[in-house]
Amino acid sequence: MKTLFFNIKELIQIRDQSVDKIEGASMKELPCIKNAFLRVDNQKIEDFGAMSDLKDFNADQVIDAKGHNILPTWCDSHTHIVFEGHRETEFVDRINGLSYEEIAARGGGILNSAKKLQNSSEQDLFEQASQRLEEIMKLGTGAVEIKSGYGLTTESEIKMLNVIKTLATSYPITIKSTFLGAHAFPLEFKENQDGYVKLICEQMIPEIAKLQLADFIDVFCETGYFNVQQTEQILKTGKKFGLIPKIHVNQFNSIGGVQIGVASKALSVDHLEIMKQEDIDVLKGTAVMPVALPSCSYFLSIPYTPARKLIDEGLPLAIATDFNPGSTPSGNMNFVVSTACIKMKMTPEEAINAATINGAYAMGISDTHGSITKGKFANLIMTKDIPSYHFIPYAFGSNLIEKVMIKGVFI
Ligand code: NIG
Ligand code: FE
């Protein structure tokens, strides 16, 4: 199946195959072609260029994109889409004055979701997660990372990872899977934290690796959750079993998690709301992608990742949703891009780079996703008739997407 788009108002985020991530001052650049064409052959981008270079209009499907822009689909590198039920009562508790940490200390939070998930069937979890996945695909997401972490027993963690695997084979969207058994300490291990770390390292990781259920390993490294030493031990074991680290750090406190991420050669360090200068410095010159989660900051009313400072000091930055029932019940990457501009003072170019090619890097897939590049997947957002791509963050809350193509097929 061959598709030709012609008269594209602006073709956005065109890159060479050699570009795997964008950092520092370069994030302000977003290469585009005005009045362009784009050819798709089966799943892949075959060719693109200026309309003046288009000679042959032959294709199975020819689309006049006059007035519409085309950009690569969003790459959401951090989500917890598989969960049972919602936590809107905690939302109301927070409005009434309790903090996220206070709610967790009362047995709410992650443990609340774990209790619900342990009692639900794989089929039920799949059906709920499918709805969320279909929603985010319509909102322009073409690749997504999904974590476990609401199971907290070997059986339930494997149940979650099996759901992620079934999602990956049931939908065209690219899915990367992360084992996050170290999301919180289960109640029965409250007084025996090292016992739970042992269970993760000696039972969960070997079993999950044997079943080939995860690409990445994650830990919530935070005061009241996993400390730096426990984090290091879990990541080290994960790596021994072929799982690449991607970790939750510095959401509420700076306790050395970024340093552990760098030392463990993590693919990404995520959250970063609370950053000391030393946390920023240690990331410089490394291959680790910092990931900000602006809608989590928005929803919890906690500080935003200091994106301006990170980028101005030369670092790359990716942005992702963190879609989960507790801290971010939204998987809308368009809102993430808007919030990055409005609250973190990123330019539209920086935010689009952060949500596409840098998000792809944070999932280890920037050779196939995240830009308009010959040979990459034809994962495309066609916008409505809007004045310019600046409108995407500017008109926050409006759906500006006309069509989404994933791997060469309109969804
Ligand atoms: O990334 N911070 C840790 N984990 C999730 C929230 C999990 C939850 O509250 O259910 C996050 O924000
Ligand atoms: Fe998260």
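Atoms considered below: every heavy atom in the structure, side chains included; atoms not considered: hydrogens, waters and symmetry mates. When a ligand or atom number is given, it counts from 1 through the structure's own listing order. Keep in mind that this is a model prediction, so the values were computed, not measured.
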side-chain contact (heavy atoms from CB on, under 4.5 Å) between L139 and F335, worked out: CA-CA 10 Å; L139 289 167; F335 180 76; over 6 Å; no
Which residue pairs satisfy the ring pair (Phe, Tyr, Trp, His ring centres under 6.0 Å) criterion with at least one member in residues 366-386, sequence neighbours excluded? H369-F377
Atom indices of ligand 1, in the order listed, that fall short of 4.0 Å to a heavy atom of S327: 6 (C), 9 (O), 11 (C), 12 (O)
Under 2.8 Å from the Fe ion (ligand 2), the protein N, O or S atoms, given as residue and atom: H78 NE2, H80 NE2, H248 NE2, D322 OD1
When you measure from the heavy atoms of Y225 to every atom of ligand 1, does any distance fall below 4.0 Å? no
Are any of the heavy atoms in H78 under 4.0 Å away from ligand 1? yes
Quick one, K44 with D41, criterion side-chain contact (heavy atoms from CB on, under 4.5 Å). Give me CA distance, side-chain angles, the key distance, then yes/no. CA-CA 5 Å; K44 306 277 176 67; D41 182 11; 5.8 Å; no
Suppose I only count heavy atoms of Y100 and a 4.0 Å limit; which atoms of ligand 1 are within that range? 6 (C), 7 (C), 8 (C), 9 (O)
Any chance you could lay out the side-chain contact (heavy atoms from CB on, under 4.5 Å) test for N162 and M160, step after step, and finish with the verdict? CA-CA 5 Å; N162 273 327; M160 285 189 81; over 6 Å; no
Minimum-distance protein heavy atom relative to atom 11 (C) of ligand 1: D322 OD2, 3.1 Å
Considering only the protein, which heavy-atom contact is closest to atom 10 (O) of ligand 1, and what is its distance? Y150 OH, 2.6 Å
If a pair satisfies ring pair (Phe, Tyr, Trp, His ring centres under 6.0 Å) and one of its residues is in residues 261-283, list it, with sequence neighbours excluded. H78-H271, H248-H271
Which is it for I70 and L38 under the side-chain contact (heavy atoms from CB on, under 4.5 Å) test, yes or no, and what are the steps along the way? CA-CA 9 Å; I70 290 183; L38 174 73; 4.2 Å; yes
Any side-chain heavy atom of E202 within less than 4.5 Å of one from L199? no
Mutual orientation of the aromatic rings belonging to Y196 and F226 [parallel < 30°, tilted 30-60°, perpendicular > 60°]: tilted
Test of proximity, H183 against ligand 1: N or O pairs below 3.5 Å: yes
of all protein heavy atoms, closest to atom 2 (N) of ligand 1 is Q251 OE1, 2.7 Å
Hey, can you tell me if H183 and Y150 have their rings parallel, tilted or perpendicular (30° and 60° cut-offs)? tilted
Can you list every pair that meets salt bridge (Lys or Arg N to Asp or Glu O under 4.0 Å) and has a residue in residues 253-273, with sequence neighbours left out? none
Non-hydrogen atoms of F83 versus ligand 1: any pair closer than 4.0 Å? no
